[in-house]
Amino acid sequence: MYRTHTCGELRIGNAGQKVTLAGWVQRTRKLGGMTFIDLRDRYGITQLVVEADAEASLLGTATSLGREYVIQAIGTVVERQSKNSKMPTGDIEIKLDKINILNKSMTPPFTIEDESDGGEDIRAKYRYLDLRRNPLQKALALRHRLAHEVRNYLDAHDFMEIETPYLIKSTPEGARDFVVPSRMNPGEFYALPQSPQTFKQLLMVAGYDRYFQIVRCFRDEDLRADRQPEFTQIDCEMSFVEQDDVLNMFEGMMRTLFKNVIGVDVPNPLPRMSWFDAMDNYGSDKPDVRFGMTIHEITDKVKGKGFSILDEAKYVGAIAVPGGAEYTRKQIDELTEWVKRPQVGAKGLIYIKLNADGSVKSSVDKFYAPEDLKAIGEAVEAKTGDIIFIMSGNEKRKVQTMLGVLRIEMGNRLGLRDPKVFAPLWIVDFPLLEWSDEDNRFYAMHHPFTAPKPEHMDLFYSNKKEDLERVCANAYDFVLNGTELGGGSIRIHDSEVQKRMFEVLGIGPEEAEYKFGFIIHAFQYGAPPHGGLAFGFDRVCALFAGKDTIRDFIAFPKNNMGCDVMIDSPSRIDKVQLDELHIDIRKEQ
Ligand code: ASP
């Protein structure tokens, strides 16, 4: 037997027992002739001690140990002289009789401590060493716990976990597909799934009325911060359901995860906010509702005072930032520059300070009398001591989005976004379609399988752009603390409606048949009404841990360039492989 106990297990009650532990040498130190060794495994750290008068061979072995050596340690549990209350095993140590070196280790390129001295690149290259560190072990343990609870909950509600294929057909809509060349079918390619969307719908047609899968998905997107080209979804679908059935089922699941995994109670039922309210009040379809500072429209309040920028704007909105009347000129200038960065895209920032002494001061004093400014303050529900930030423009949603970005930034600066506070909610009633001026066509706001609301069917069959823009869907997002954790919809299950959807999206009948014929046909064989959703599992893990980067919650993630520097992937393949795949690589430009 390699070990009788783990390194996190022994307590004072075990004193006197003979034990055998196995693990990695975290560090060794000598003190007054005694040698202390911290032995680590996944479960914790136990202190080992070799007495000054131990046998020479044991002393010799103890002093020869390097960091990360793998050893087996045999000895007796004894009470420690100087206890360490910070460690669960801190009351005891193991007085050693014998050490067996199971394997040596080169000196690791960085310290395997909670706070490592290794930079990100080196830790990525030696991910298997980084994974020995406690924070990463905790992160993966949380991931495991969450997956386990998801399976328990869904199993208890009659969901079946069914695997769907990874080698499928390329139908890029939204993100780019990763493709895989087919050796047996020269010139043809599989695509890796961006999600199992069509397969889970086919499972509904097949009668598996409650499906789920914790499944890898692949999207070949330019990697924005904290995106991974392969990521995991909790993917679910149900038949014979309306929107409420889906929302109730999955807020039940999320409530169970909150309670069982991190001991947090969230409201029952969860709040639901329409997409329109989210945009109007928060300037975002994933509002962070942990704090107020909501957006107020003041278009009517600012007109007719001779200030042409606001007079001409179709939409004027504002937020009131608590305590902001204290801001210095320099701080306001810095914020103004901040909103002018391309990532925000504002032209400028108008401010009104409601000073503690009752006076007002603004960047537009020339045009507005103090009473006008105070009236704006009231409209924005600002308090004495606040600063009001105003933005304007012709496109309401654009201005609201910029105010929304500013709101989040102010929330960050004011410490209003505590990651240990959880404010989940549903966003509902999304528009079905989104017009792109650039491409002069509609895109599906969620995806092309999302059904129009039954009461909007007439609008859906209209050929007028403004009618189609008004069509809403029974689509929903699960939002937590300003992040979209999941989303889904009630689906189209009628082949004629599905055809119409493709038509609206500018996908001609031939193209629709080529790309999606299988699903249109399937709908002709008794497709039940159905709907579902998917959660981004990596992000669920990160947010439950109060973190905002998903990388630590994936055992072997990719870097910002989509590379795994540990295995050096992607990489070239040799000529023989290329030939088999019927692929020529163009000469490098
Ligand atoms: N397949 C969708 C997605 O990946 C989720 C859903 O509609 O169920 O976003």
Side-chain angles (χ1 to χ4, degrees), residues 150 154 159-166 168-178 191-205 208-221 224 227-239 241-243 245-251 253-254 275 285-286 426-434 443-453 472-480 483-493 498 501 505 515-516 519 527-540 550:
V150 166
L154 293 175
F159 283 79
M160 277 171 73
E161 185 164 17
I162 303 176
E163 287 152 288
T164 51
Y166 279 160
I168 64 165
K169 185 185 174 85
S170 183
T171 52
E173 261 288 312
R176 255 181 236 109
D177 282 334
F178 280 102
L192 302 180
Q194 296 188 22
S195 89
Q197 184 62 36
T198 47
F199 286 96
K200 68 174 169 175
Q201 292 192 244
L202 295 174
L203 286 171
M204 295 303 111
V205 179
Y208 295 83
D209 63 345
R210 290 182 172 200
Y211 142 95
F212 86 101
Q213 191 179 185
I214 299 183
V215 61
R216 201 69 54 79
C217 300
F218 306 85
R219 296 184 191 174
D220 186 7
E221 293 173 299
R224 281 190 266 135
R227 283 266 177 114
Q228 288 282 318
E230 53 177 306
F231 60 96
T232 303
Q233 286 195 340
I234 308 167
D235 190 49
C236 312
E237 198 75 8
M238 303 168 79
S239 289
V241 285
E242 290 173 344
Q243 171 164 302
D245 303 313
V246 180
L247 299 192
N248 291 338
M249 176 63 70
F250 290 101
E251 69 177 71
M253 183 183 90
M254 292 309 281
W275 180 87
D285 58 5
K286 38 180 187 289
W426 291 105
I427 305 299
V428 295
D429 300 335
F430 279 76
L432 181 74
L433 302 161
E434 210 173 10
Y443 282 94
M445 190 134 180
H446 187 52
H447 54 51
F449 310 104
T450 296
K453 276 186 189 280
C472 282
N474 281 328
Y476 30 79
D477 276 354
F478 185 94
V479 170
L480 176 64
T483 299
E484 179 205 321
L485 277 191
S489 58
I490 297 299
R491 325 295 189 189
I492 297 170
H493 66 282
Q498 189 65 66
M501 184 66 175
L505 297 177
K515 286 184 173 168
F516 301 109
I519 200 153
H530 61 285
L533 83 185
F535 290 94
F537 185 51
D538 310 298
R539 194 144 278 133
V540 170
I550 62 175

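Along the sequence shown, residues are numbered consecutively beginning with 1. When a ligand or atom number is given, it counts from 1 through the structure's own listing order.
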How does [X] reach ligand 1, by side chain, by backbone, by both or by neither, if only non-hydrogen atoms under 4.0 Å count?
| X | result |
| --- | --- |
| A534 | both |
| K200 | side chain |
| R219 | side chain |
| E484 | neither |

Which heavy atom of the protein is the closest neighbour of atom 5 (C) of ligand 1, given with residue, atom name and distance?
G487 O, 3.5 Å

Please report which non-hydrogen protein atom sits nearest to atom 1 (N) of ligand 1, along with the residue it belongs to and the distance in Å to one decimal place.
Q197 OE1, 2.7 Å

What distance separates W426 CH2 from F478 CZ, expressed to the nearest 0.5 Å?
6.0 Å

If you round to the nearest 0.5 Å, how far is CG of D429 from CD of Q243?
6.5 Å

Do any nitrogen or oxygen atoms of S489 lie less than 3.5 angstrom from nitrogen or oxygen atoms of ligand 1?
no

Under 3.5 Å, is there a donor-acceptor pair between the side chain of [X] and the main chain of [Y]?
| X | Y | answer |
| --- | --- | --- |
| E237 | L203 | no |
| Q213 | T164 | yes |
| Q233 | V215 | no |
| Y476 | S489 | yes |

So that I can tick it off, tell me whether K286 and E484 are bridged by a salt bridge, with the cut-off set at under 4.0 angstrom between side-chain N and carboxylate O.
no

Does ligand 1 have an atom under 4.0 Å from some heavy atom of H446?
yes

Is it the case that the ring center of F537 lies less than 6.0 angstrom away from the ring center of F212?
no

With atoms numbered from 1 as shown, which atoms in ligand 1 lie under 4.0 angstrom from a non-hydrogen atom of [X]?
| X | answer |
| --- | --- |
| S195 | 1 (N), 4 (O) |
| Q233 | 3 (C), 4 (O) |
| G488 | 6 (C), 7 (O) |

